[in-house]
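Structure, as structure tokens:
Sequence lines set the chain letters: A, B, ... in the order given, protein chains first and strands last, and positions in each chain run from 1. Computed from heavy atoms alone, side chains included, the values below leave out hydrogens, waters and symmetry copies.
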Amino acid sequence: MKNRDIAEILSSLADILEITDQDPFRVNAYRKIARIVDDLPTDVADLVASGEITEIPGIGKGTAEKIAEYLSTGKIAAYEEAKKTIPAGLSELLSIPGLGPKTIGLVWRQLGVKSLAGLKRALRGRKILDLPGIGPKKVENIEAGVRAYESRSGRLTLGAVLPTAQEVVRALREIPGVEQADLAGSVRRWRETIGDIDVLAASGKPAAVIRAFTKLPLAEEVLAAGTTKASVRVAGALQIDLRVVKPAEYGAALMYFTGSKDYNIRLRGLAQDKGLKLNEYGLFSGTKVVASRTEKAVHAKLGLPLVPPELREDRGEVEAALAGSLPELVELSQVRGDLHVHSNWSDGGSTIPEVARAAKARGYAYVAITDHTKSLGIAHGLSIERILKQIEEIASLNRRLKGITVLSGTEVDILSDGRVDFPDEVLERLDIVIASVHSGFQQPRDRITGRIVSAIENPHVDVIGHPTGRLIGTRPEYDVDIERVMDAAARTGTALEVNCYHERLDLNDMNCRRAVDLGIPLALGTDSHHVDQLWMMELGVATARRGWVRAGSVLNTLPKGALLKRLGRLHRANPSS
DNA sequence: GCCGTTTTCGGCCCGACTGTTTTCAGTCG
């Protein structure tokens with residue numbers, strides 16, 4: 001699938017056109033198409049072959065031809081030509097905060113800056129001060145931008161910052177004069193990674209709120225503080241931006257600061273069509289406010305139901321909302337159990353009774369213990385003898401437990417030849433079998449895809465664990481042909497996991513959407529190695545919601561009996577609970 | 001580059017902030 005490659009080329013093309021001062025709307029058109037192609041749940045080659053590609057809003061004849069050209073020749077002539085017009089190291093400079101295309105074009109043409117190293121030399125040499133429109137303050141800003149760019153460690157996973165973000169909102173709501181406070185930005189949309197945390201508050205006394213906010217104990221450093229907004233640094237490197245608005249403007253402001261940018265653009269377009277204007281202060285007819293206090297009211301005046309923040313990415317949700325066909329998304333409260341938890345029998349830190357207690361406290365009806373198997377020696381994977389013993393202990397524990405059932409499961413290794421690590425007679429005795437790849441990540445596409453398809457076709461395998469193997473920001477997915485995996489899963493009825501662990505979220509949102517379209521069942525599991533990690537179910541539910549998943553597609557929204565029946569193992573259901 | 005019953009040409013989201021300005025350009029979200 002070439003979607004990602006094509007998206008990167010179109011995005012680079014946009015960078016080049018921007019630096020060479022071409023029509024900004026053309027630049028935006030390419031950026032938008034790059035995003036659309038990257039988000040596509042299907043192989044762009046199929047859409048080109050069928051001619052459906054130009055039916056996607058935003059993609060016209062011109063770009064469709066370029067994509068077709070890439071698919072047949074491996075190159076796009078327009079891009080190859082454009083690349084010759086600027087030095088290769090220039091596009092990188094667009095990532096420096098405070099430095100934009102105009103200034104980059106200026107230092108390149110006037111000073112011969114061709115790269116980050118060249119920019120730093122120009123800053124040191126102070127030649128840059130001779131350029132029109134550049135003064136000492138601007139030089140200072142660019143220097144600070146370069147430092148920030150060089151020191152930043154990339155985006156953090158949502159799961160790594162969410163607890164802090166939620167604590168900040170709680171603290172904010174305690175401040176006198178704060179009427180409402182919520183997370184906004186990419187955290188509220190539950191994007192898998194975030195750059196900083198945006199928080200919004202409503203108050204009639206913004207200055208006092210800002211003062212109190214900057215004095216919160218968790219604020220380690222105050223980066224900026226004005227009358228309506230402030231930025232502080234917490235927990236090391238994490239930046240929190242607070243904005244305070246009037247209560248009457250809260251809904252419009254929350255929409256504005258939640259984004260995404262593309263969603264906001266779409267809604268402003270809808271407003272324009274109605275002769276209205278939408279900004280962060282409200283929806284206006286001339287100077288008269290039409291709606292502003294709540295998100296629901298602003299959406300309603302635009303002819304839309306309230307669109308859940310997880311969907312606000314301009315991936316078709318606006319059209320669906322207008323047509324009244326938004327999906328009813330799965331909710332955390334509908335999840336009746338966690339299907340992927342490790343205990344101290346393998347590499348987990350909690351005992352099985354501790355897991356059961358914590359799962360019950362979360363309101364679950366069941367929880368599956370799915371420890372590793374013997375070939376994963378590093379994780380103390382279970383031998384056949386030990387898994388049989390564990391099955392017995394869990395049965396005994398279930399006889400004592402009230403209000404929760406522990407399911408006997410396994411996360412069985414998919415071996416390098418596609419067989420799994422336990423024989424059928426062992427797998428048959430388990431309530432749930434997850435099969436996962438934990439080795440041979442470097443295998444070529446055919447081989448690793450074939451392994452996973454073999455596991456899918458194994459009648460004892462219920463779920464494929466973390467199907468792409470990626471670790472966000474650490475390890476790319478293995479070279480798996482996810483289309484083939486999904487075709488096999490759809491054919492056999494095998495579930496694919498939405499691994500909820502914050503560094504995995506695998507399947508990701510767009511793959512969830514593809515799976516749902518194909519009718520593939522999904523299994524939510526946290527992959528917890530300690531009871532402190534069970535909360536990450538929230539992250540998986542959010543990922544599923546971002547993938548337009550309804551409760552009906554999620555196995556663990558089923559009651560225990562229906563789940564076990566679905567897994568084909570009703571006869572092994574524990575009769576005592 | 002994309003798009004369209006006000007349009008096949010002429011638009012394309014909106015405002016704040018900053019720094020350089022003397023009326024505005026660049027950047028950001």
Side-chain angles (χ1 to χ4, degrees), chain A residues 10-11 13-14 16-19 21-37 53-67 76 78-79 82 93-107 128-142 144-145 148 184-189 194-200 224 226-231 239 241-243 245 249 252-284 302 312 314 318:
Chain A
L10 294 177
S11 177
L13 181 55
I16 295 169
L17 297 178
E18 191 171 33
I19 292 170
D21 205 17
Q22 316 259 334
D23 178 10
F25 294 104
R26 215 176 131 210
V27 172
N28 276 342
Y30 278 126
R31 289 247 160 85
K32 185 176 175 189
I33 296 169
R35 188 181 59 78
I36 291 171
V37 171
I53 182 91
T54 52
E55 285 170 26
I56 299 172
I59 303 184
K61 191 157 158 277
T63 313
E65 281 169 4
K66 289 185 176 66
I67 294 172
I76 295 176
Y79 174 60
L93 303 184
L94 283 171
S95 301
I96 295 170
L99 189 63
K102 302 288 186 203
T103 313
I104 292 170
L106 188 68
V107 297
I128 196 167
L129 278 168
D130 300 336
L131 298 178
I134 305 240
K137 277 281 173 60
K138 202 151 209 168
V139 170
E140 233 174 80
N141 276 348
I142 298 171
S186 51
V187 176
R188 183 160 180 253
R189 299 200 315 279
I194 62 118
D196 56 22
I197 296 176
D198 294 305
V199 190
L200 184 69
T227 52
T228 63
K229 60 186 212 176
S231 296
Q239 182 174 328
D241 296 330
L242 168 69
R243 304 173 194 251
V245 301
E249 298 163 346
L254 189 55
M255 282 171 64
Y256 176 78
F257 291 118
T258 297
S260 65
K261 185 181 158 100
D262 294 303
Y263 181 77
N264 287 347
I265 289 172
R266 287 300 309 276
L267 261 52
R268 283 174 176 155
L270 288 185
Q272 270 192 334
D273 293 346
K274 294 179 185 297
L276 305 173
K277 187 179 73 171
L278 177 63
N279 60 29
E280 58 262 57
Y281 302 110
L283 182 63
F284 296 87
L302 291 171
R312 299 182 194 172
D314 191 21
V318 176

Charged N-O contact under 4.0 Å between [X] and [Y]:
X	Y	answer
Lys32(A)	Asp262(A)	no
Lys261(A)	Asp314(A)	no
Arg243(A)	Glu280(A)	no
Lys229(A)	Asp241(A)	no

Taking it one step at a time, do Asp198(A) and Arg188(A) satisfy salt bridge (Lys or Arg N to Asp or Glu O under 4.0 Å)?
-> CA-CA 9 Å; Asp198(A) 294 305; Arg188(A) 183 160 180 253; over 6 Å; no
Nearest-nucleotide pick for [X], side chain only, options being [options]:
X	options	result
Ile265(A)	dC13(B), dG1(B), dG19(B)	dC13(B)
Pro101(A)	dC13(B), dT27(B), dG29(B)	dT27(B)
Lys137(A)	dG1(B), dG19(B), dC28(B)	dG19(B)
Pro97(A)	dT27(B), dT18(B), dC28(B)	dC28(B)
Asn279(A)	dC14(B), dC17(B), dG1(B)	dC14(B)
Asn141(A)	dG29(B), dT27(B), dG19(B)	dG19(B)
Arg268(A)	dC13(B), dG1(B), dG19(B)	dC13(B)
Glu280(A)	dG15(B), dT20(B), dG1(B)	dG15(B)
Thr63(A)	dG1(B), dG19(B), dC13(B)	dG1(B)

Within this structure, what is the [atom1]-to-[atom2] distance between [X] and [N], rounded to whole angstrom?
X	N	atom1	atom2	result
Lys261(A)	dA16(B)	NZ	C1'	13 Å
Glu18(A)	dG26(B)	CD	P	12 Å
Gln22(A)	dG1(B)	CD	P	9 Å
Leu94(A)	dC28(B)	CG	C1'	13 Å
Glu65(A)	dG1(B)	CD	C1'	12 Å
Ile36(A)	dC2(B)	CD1	P	10 Å
Arg243(A)	dC17(B)	CZ	P	9 Å
Ile134(A)	dT27(B)	CD1	P	9 Å

Across the strands shown, which category fits [X] at heavy-atom distances under 4.0 angstrom: base, sugar-phosphate, nothing?
X	value
Pro57(A)	sugar-phosphate
Tyr30(A)	sugar-phosphate
Asp198(A)	nothing

State the syn/anti category of dT7(B) according to its glycosidic angle, syn meaning within 90° of 0.
-> syn
Between Lys277(A) and dG15(B), is there a side-chain N or O to OP1/OP2 distance below 4.0 Å?
-> yes
Is there a side-chain polar atom (N or O) of Gln272(A) under 4.0 Å from OP1 or OP2 of dC14(B)?
->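 Yes, within the criterion.
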Is any side-chain heavy atom of Leu94(A) closer than 4.5 Å to a side-chain heavy atom of Leu99(A)?
->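 The answer is no, as the side chains (C-beta and beyond) never meet within the 4.5 Å cut-off.
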Separation between the [atom1] atoms of [N] and [M], rounded to whole Å:
N	M	atom1	value
dG11(B)	dT22(B)	C1'	31 Å
dT5(B)	dC12(B)	P	16 Å
dC28(B)	dT20(B)	P	16 Å
dC2(B)	dC13(B)	P	15 Å
dT21(B)	dG26(B)	P	13 Å

Using Watson-Crick or G-U wobble geometry with both distances below 3.5 Å, tell me the partner of dT8(B), or none.
->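 dT8(B) is paired with nothing.
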Check whether the side chain of Tyr281(A) and the base of dG15(B) form a donor-acceptor pair under 3.5 Å.
->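 For Tyr281(A), whose side chain was compared with the base of dG15(B), there is no donor-acceptor pair (under 3.5 Å).
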For Gly62(A) and Gly133(A), take the nucleotide of DNA chain B holding the closest heavy atom to each; which residue's nucleotide lies nearer the 5' end?
-> Gly62(A)
DNA chain B: Thr228(A) or Leu278(A), which has the more 5' nearest nucleotide?
->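 Per heavy-atom nearest nucleotide, the more 5' residue is Leu278(A).
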What distance separates Leu106(A) CG from Ile134(A) CD1, expressed to the nearest 0.5 Å?
-> 5.5 Å
